[in-house]
Amino acid sequence: MNALFDKLNSAQLDAVKSTEGPVMAIAGAGSGKTRVLTRRMAHLIYNVGVPPHHVLAITFTNKAANEMKSRIAERLNIPTDTLWVSTFHSMCARILRTHIEKLGYERHFQIVDDDDSTQMVKMLLRDMNLDVKLVKPRTLKNHVQKIKAHPELLEDYKEPVRGYLEKIVPAYQRQLKRNNLVDFEDLLLLTIDLFKQHDEVRKYYHEQFQYVLVDEFQDTNDVQYELIRLLVGAHRNLFIVGDEDQSIYAFRGANIENIRRFTTDYPDAKRVLLEENYRSTNTILKAANDVISHNKSRIEKTLYSTKGEGEPIVWFKGYTYRDETEFVAETIRRLVHQGYRYEDIAVLYRANNTSRVFEETMMQKQIPYQVVGNTSFFKRKEIKDMVAYLRLILNPDDNYSFARIVNEPRRGIGQKTVDMLQAFAATEDASMFSRIDDAQTPLKKAATGKLKRFKELITDLRKALENVDFNTFMDTLVEKTGYKEMLQYDDMGDVRLENVMELKTMIAETQNAYRDNDKIDVLTQVLEDIALKSQEDERKDTNVVTLMTLHAAKGLEFRAVFIVALEQGMFPLARSFDSPAELEEERRLMYVGMTRAKEKLFFTSAQQRHLYGEPTSNPDSVFIHEIRDELIRVEGLNKAVTRSYTRPVRTAPPRDADHENDINKGDKINHSVFGRGVVVNVTQDQCVIAFNKDHGIKTLLKNHPSIKKV
DNA sequence: CACCGGTTTATTTTT
DNA sequence: TAAACCGGTG
């Protein structure tokens, strides 16, 4: 026996040792999923003797990838860079850097992020004189991405969106390619194209990746699924780990169905169920099970733990949000007094804007805290500007970057001038940069003069890049562009300049890692990292309370967890009220949040809170009432009130249980949250109910326990 | 072209 | 509340 199998239970051991053929591991929250993944990889390399670079592990976040890499490398005492452990996107970027020329792109292609995509869609909308108010650019961008992945879905759209998409999608794609840019979706789609069109490339990677592991499989979208299918060769050594109950990214295209699809595509797949939880007390697990069992379609599984029963969940309801935040702060105080460290504690909320009131109270009460996942470093304006400069220096024909910084800092080159130049350049299908000196220019002398000076600036900087070292180059860049001077008159100038200098450090580090490469390659690599690793080494303050969204908490664990603002409309969000599918996703989010807690779990809510400046009051979150009474201790406002526990829907045989509620058109019903209503329509498993004016018409799950026939 | 002030709008977001 | 956006004026 060797240490690779230490401290693994039999199910985990099975998952680690079953190396050949397709394997699916269903891993409940806290069941030691990461441990299984890393041990399996180590086992493959160390015991089975597979060379490290023949194993591919795909994760969703850089954080997860890095953690896995370092754990394996440490255990096996090998350098991390021999391992192919990466996100879908960086894996694709890496493959495309070598092969993208086969698809007509240039090797030094740049990656645009979501904000850039939205910006481009917005510009296209304006160019085409389409109404920006009718469809929001952000929303339209999401549709564009969807159509890129699934062109056939265009037919499902109604006017005017359909017409917009028909025009925008090809224009958007043309523009990206023209500027040698790819977006996140392209990274996946182009890799798929590459594999489909070039057998020799595909064969090459089939030989290379003899074993493939995919983490968080429930979060894969259809394109990623396709990519995995193409990637796995005849050996079919594919290992997936997932938990459908933790799928919380459907709004981004994640498709839980992929888990089921896997079982049909690989009917011989071995199945391992990891149900033993190493994280939470049984009280927390039971409560989490209570909540999640209200979801209709799922593979039934019940987590258990050896951590004992633990204490009941405490639900505090205050009059106002002030009571609520103070309860949280005071409880944190008490916990710390009992020996908890600040870093053992997390405050989780559904939407970012909730953090503000908690921050205020934390500050007042002098409790050290950090807010995770606000504006990431690379999304800051000054960094995006610098990136645009760097991209333009690398590729002067990049119109998009050109437009971003041509007048940043102010050079008196306004929108009109840029528009004219763009139109002029478009007639020759050339870049703006290349036509500045053109004799035919329709631009005024003054404007042309300013543009020429700008062009000179960029050309000079390009020379500087080639002739001096990176540190000097970056100094020259902020100096010559006038960016540094601009920041001097900026309130936040100091911080911004510091951020820009941070970039300098990053380039230096990358250069060390790729010492032999030439400057262009190094800079390309830096820009790729910036695009793909958006907030990787967000510096973690030690020993502080963590405030973050429930989404951000996925994969983490804390001794004590507060889930706050548990009110209808706040969590679950109001949007989910009339969509059973969205409500189920909210419920999974609740499940994820609850299972973050190791020892203590707190729910809080307020009778009244300010929303967008207006005082509002909401009923208690349905999720609280989906938990058995004996698991919750009520404090604050509702202390004396009996709670209305709603039993879970039986999930076991959902097939012929349709008559369970036996709701028909015209029936009068009573809903535990919305009150009385009349059924106006019934479909297979849903029904449409008209409630009184406060709630209006809603579509709900027919068999949901919250509905009772009157 | 730049700046001021009124109006509008409001999830989550690994890449 | 707060930030983004638009339209008018200097």
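Here is how names work: the chains are called A, B, and so on, in the same order as the sequence lines, proteins then strands, and each is numbered from 1. Since the model is a prediction, treat every value here as computed from it, not as a measurement.
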Would you kindly give the CD-to-C1' distance between A:Glu185 and B:dT15, to the nearest whole Å? 10 Å
Positive for salt bridge (charged side-chain N to carboxylate O under 4.0 Å, His left out) with A:Asp116, one of A:Lys122, A:Lys384, A:Lys141: A:Lys384
Given atom CD of A:Glu408 and atom C1' of B:dC1, what is their separation to the nearest angstrom? 14 Å
Which word best sums up how the rings of A:His551 and A:Tyr249 line up, parallel for under 30°, tilted for 30 to 60°, or perpendicular for over 60°? tilted
For atom CD of A:Glu614 and atom P of B:dT8, their distance in whole Å: 15 Å
Contact class for A:Lys416 vs. all strands (heavy atom < 4.0 Å): base, sugar-phosphate, or nothing? sugar-phosphate
Hey, what are the protein-to-nucleotides 10-13 of chain B N/O distances that come in under 3.5 Å?
| unit_1 | atom_1 | unit_2 | atom_2 | d |
| --- | --- | --- | --- | --- |
| B:dA10 | OP1 | A:Lys136 | NZ | 3.1 |
| B:dT11 | O4 | A:Arg575 | NE | 2.8 |
| B:dT11 | O4 | A:Arg575 | NH1 | 3.2 |
| B:dT11 | O4 | A:Arg575 | NH2 | 3.4 |
| B:dT12 | OP1 | A:Asn352 | N | 2.8 |
| B:dT12 | O4' | A:Arg350 | NH2 | 3.0 |
| B:dT12 | N1 | A:Arg350 | NH2 | 3.4 |
| B:dT12 | O2 | A:Arg350 | NH2 | 2.4 |
| B:dT13 | OP1 | A:Thr549 | OG1 | 2.7 |
| B:dT13 | OP2 | A:Asn352 | ND2 | 3.1 |
| B:dT13 | O2 | A:Arg252 | NH1 | 3.1 |
| B:dT13 | O4 | A:Arg138 | NH2 | 2.2 |

With syn defined as a glycosidic angle within 90° of 0 and anti as the rest, where does B:dT11 land? syn
Distance, rounded to the nearest Å, where A:Lys63 contributes NZ and B:dT14 contributes P: 10 Å
What contact category does A:Thr59 fall into here, base, sugar-phosphate, or nothing, at under 4.0 angstrom with non-hydrogen atoms? nothing
Find which nucleotide of DNA chain B each of A:Ile413 and A:Asp219 is nearest to by heavy atoms, and output the residue with the more 5' nucleotide. A:Ile413
Pairs: protein N or O with nucleotides 3-6 of chain C N or O, under 3.5 Å:
| unit_1 | atom_1 | unit_2 | atom_2 | d |
| --- | --- | --- | --- | --- |
| C:dC5 | OP1 | A:Lys122 | NZ | 3.3 |

I want to confirm an ordering. Mapping A:Thr417 and A:Ser90 to their closest nucleotides on DNA chain B, which one lands closer to the 5' end? A:Thr417
Distance alone, cut at 3.5 Å: any donor-acceptor contact between the side chains of A:Arg496 and A:Asn499? no
Looking only at C:dA2, B:dT15, B:dC1, the nucleotide nearest the A:Arg356 side chain is C:dA2
Measure from CZ on A:Phe217 to C1' on B:dT14 and round the result to the nearest Å. 17 Å
Run A:Gln175 and A:Asn179 through side chain to side chain donor-acceptor pair (under 3.5 Å) and show every step you take. CA-CA 6 Å; A:Gln175 197 165 113; A:Asn179 292 307; 4.7 Å; no
For A:Thr61, check side chain to side chain donor-acceptor pair (under 3.5 Å) against everything at least two apart and list the hits. none
Nearest listed nucleotide, side chain of A:Phe184, among B:dC1, B:dA2, B:dT15: B:dT15
Can you measure A:His610 atom NE2 to C:dT1 atom P for me and round it to whole angstrom units? 9 Å
Report the distance from atom CG of A:Asp115 to atom C1' of B:dT15, rounded to the nearest whole Å. 12 Å
Which label fits A:Tyr205 and A:Phe209: parallel for a plane angle under 30°, tilted from 30 to 60°, or perpendicular past 60°? parallel
Answer whether the closest heavy-atom distance between the side chains of A:Val241 and A:Phe217 falls below 4.5 Å. no
Hits for ring-ring contact (aromatic ring centres under 6.0 Å, His included) against A:Tyr319, two or more places apart or cross-chain, chain-then-number order -> none
Applying salt bridge (Lys or Arg N to Asp or Glu O under 4.0 Å), which residue pairs with at least one partner in residues 186-195 of chain A are found, sequence neighbours left out? A:Lys148-A:Asp186
Using atom CD1 of A:Ile58 as one end and atom C1' of B:dT14 as the other, report the distance to the nearest whole Å. 14 Å
Applying side chain to side chain donor-acceptor pair (under 3.5 Å), name anything that partners A:Asp243, two or more places apart in sequence or on another chain. A:Gln246, A:Lys301
